[in-house]
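Each ligand, and each atom within it, is numbered from 1 in the order the structure gives.
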Amino acid sequence: MSQSAEVVKIVEVGARDGLQNEKQIVPTAVKVKLIESLAESGLRHVEATSFVSPKWIPQLADAAELMAQLSRLAHVNYPVLVPNMQGYQRAVAAGAKEVAIFTAASEAFNQRNINATIDQSLARFVPIMEAAAADGVHVRGYVSTVLGCPYQGEVPLADVVRVAEALNALGCYEISLGDTIGVGTPSKAKEMFQAVAAVVPAERLAVHFHDTRGQALANIYACLEVGARAVDSSVAGLGGCPYARGATGNVATEDVVYMLEGMGLHTGVDLDALAAVGRWISDQLGRANGSKVGVALGAQQS
Ligand code: HMG
Ligand code: MG
């Protein structure tokens, strides 16, 4: 691992990717407190919500209300997902300064997730990028199913590369590569990252692993070895996509921070404060804490 790159960017996705899969509607005030506490723990990129159809994701129907209630720190970004122009306009009206557009490397997944083909979704993004450039809004891009699809199975690497390249060409400042259903293993993750990094500079890539099969930290490590320096993760390992059968939580932010700091890679996060947030939100949701580090730190305190 190179000596020079000592900082790893963490994009906290718990309030969005984590909560979107929760069956019981979480009160807006709890979401607001979650996001504010995550920012206070030192995270600088805290995904807040999605401006998607409330019929598709009822849990995030309160997106505008949430943004109105949120106290934002000046040095923290609060990106929100937008699937189409309607979502973009709602997001900007609610005060979003950064949005994330999302598509997939698998046609079958994209149809179920956003009711569009890959090319239809890319075409929808063109006017969003134009509006965002005019509005001074930063745009991140997501590619889902980069290591496998719950409907299609294998996803050819060439498809991942094509979609990542297209998002880069559209002007996304960063492209997050999502193992939506957590099927990847380290060698495959590394191969995928390298294939994309051959066409999109590694500094513009992030990795987004779900931990469905317990491979996420190993996959992150493998990608760090080949130049990844941005990692998506979710406090307490909350997460899952409602349109990805069997996709359980994202890798836990506490576990990622512990690993990175242990490797001498700086995150800027106060791990004790973050772990306390993870235990609190797990209690609020009545869920077991999905972070091993969070559980271990809690046990030390009691
Ligand atoms: P559609 O049904 O094809 O949409 O859904 P439509 O354009 O035909 O519109 C139908 C209705 O939805 C209309 O309302 C629109 O106004 C409304 P009606 O006339 O019937 O009353 N509508 C909207 N309302 C609010 N906000 C909007 C919006 N757009 C349309 N933005 C659509 C297409 C994309 C809207 C839908 O499929 C959708 O919202 N999908 C979102 C699914 C989602 O959020 N999935 C999870 C996020 S992706 C993920 O988790 C993966 C990731 O974590 C990375 C990884 O792990 O791989 C990012
Ligand atoms: Mg995800």
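Atom numbering of ligand 1 starts at 1 in the shown order; those under 4.0 Å from a heavy atom of N113 are 37 (O), 40 (N), 41 (C), 42 (C), 43 (C), 45 (N), 46 (C), 48 (S). Of all the atoms in ligand 1, the ones that sit under 4.0 Å from a non-hydrogen atom of F51 are 26 (N), 27 (C), 31 (N). The contact set between ligand 1 and G87, taken as ligand atoms under 4.0 Å from a residue heavy atom, comprises 31 (N). Near F102, meaning under 4.0 Å from any of its heavy atoms, are these atoms of ligand 1: 47 (C), 48 (S). The distance from ligand 1 to the heavy atoms of H210 drops below 4.0 Å at these ligand atoms: 56 (O). Listed by number with element, the atoms of ligand 1 under 4.0 Å from a non-hydrogen atom of N84 are 27 (C), 28 (C), 29 (N), 30 (C), 31 (N), 35 (C).
Dense packing is recorded around NZ of K9, with more than 12 heavy atoms of other residues, nucleotides or ligands lying under 6.0 Å away. Within 6.0 Å of CD in E154 there are 12 or fewer heavy atoms belonging to other residues, nucleotides or ligands. The environment of Y258 atom OH is sparse: at most 12 non-hydrogen atoms of other residues, nucleotides or ligands sit within 6.0 angstrom.
Considering Q120, R90, Q20 only, the shortest heavy-atom separation from atom 46 (C) of ligand 1 involves Q20.
Here's the thing with I57: none of its N/O atoms is less than 3.5 angstrom from an N/O atom of ligand 1. Taking any N or O of R124, backbone or side chain, none lies under 3.5 Å from an N or O belonging to ligand 1. Residue-to-ligand polar distances place S144 within reach of ligand 1: an N/O pair is separated by less than 3.5 Å. Distances between N or O atoms of V52 and those of ligand 1 include at least one value under 3.5 Å. Taking only nitrogen or oxygen atoms, main chain and side chain alike, Y142 does not reach within less than 3.5 Å of ligand 1. Residue contacts with ligand 1: D179 is placed with no nitrogen or oxygen under 3.5 Å of a nitrogen or oxygen of the ligand (distance criterion only).
Residue contacts with ligand 1 for D17 involve side-chain atoms from C-beta outward but no N, CA, C or O (heavy atoms, distance under 4.0 Å). Both the backbone and the side chain of S53 come within contact range of ligand 1, each with a heavy atom under 4.0 Å.
By the 4.0 Å heavy-atom criterion, P54 is counted among the residues contacting ligand 1.
In this structure, CG in N289 is found 13.0 Å from CH2 in W280, a value given to the nearest 0.5 Å.
The closest donor-acceptor contact from the side chain of T253 to the backbone of V235 lies under 3.5 Å. Remark: side-chain polar atoms of E203 are not paired, donor with acceptor, to backbone N or O of P201 under 3.5 angstrom.
Electrostatic pairing of R140 and D232 counts as a salt bridge here, judged by a charged N lying under 4.0 Å from a carboxylate O.
The two residues V207 and A228 make their nearest non-hydrogen contact at CG1-CB, 4.4 Å.
Applying the side chain to side chain contact (heavy atoms under 4.5 Å, CB included) test between Q59 and each of N21, T49, I25 identifies I25 as the sole match.
Inspection of the Y142 and D17 side chains reveals no N or O donor paired with an N or O acceptor under 3.5 Å.
Within H208, the N, O or S atom at minimum distance from the Mg ion (ligand 2) carries the name NE2.
The cationic group of R16 does not satisfy the cation-pi geometry with F102, failing either the under 6.0 Å distance to the six-membered ring centre or the 45° limit from the ring axis.
At least one N/O/S atom of D17, from backbone or side chain, sits under 2.8 Å from the Mg ion (ligand 2).
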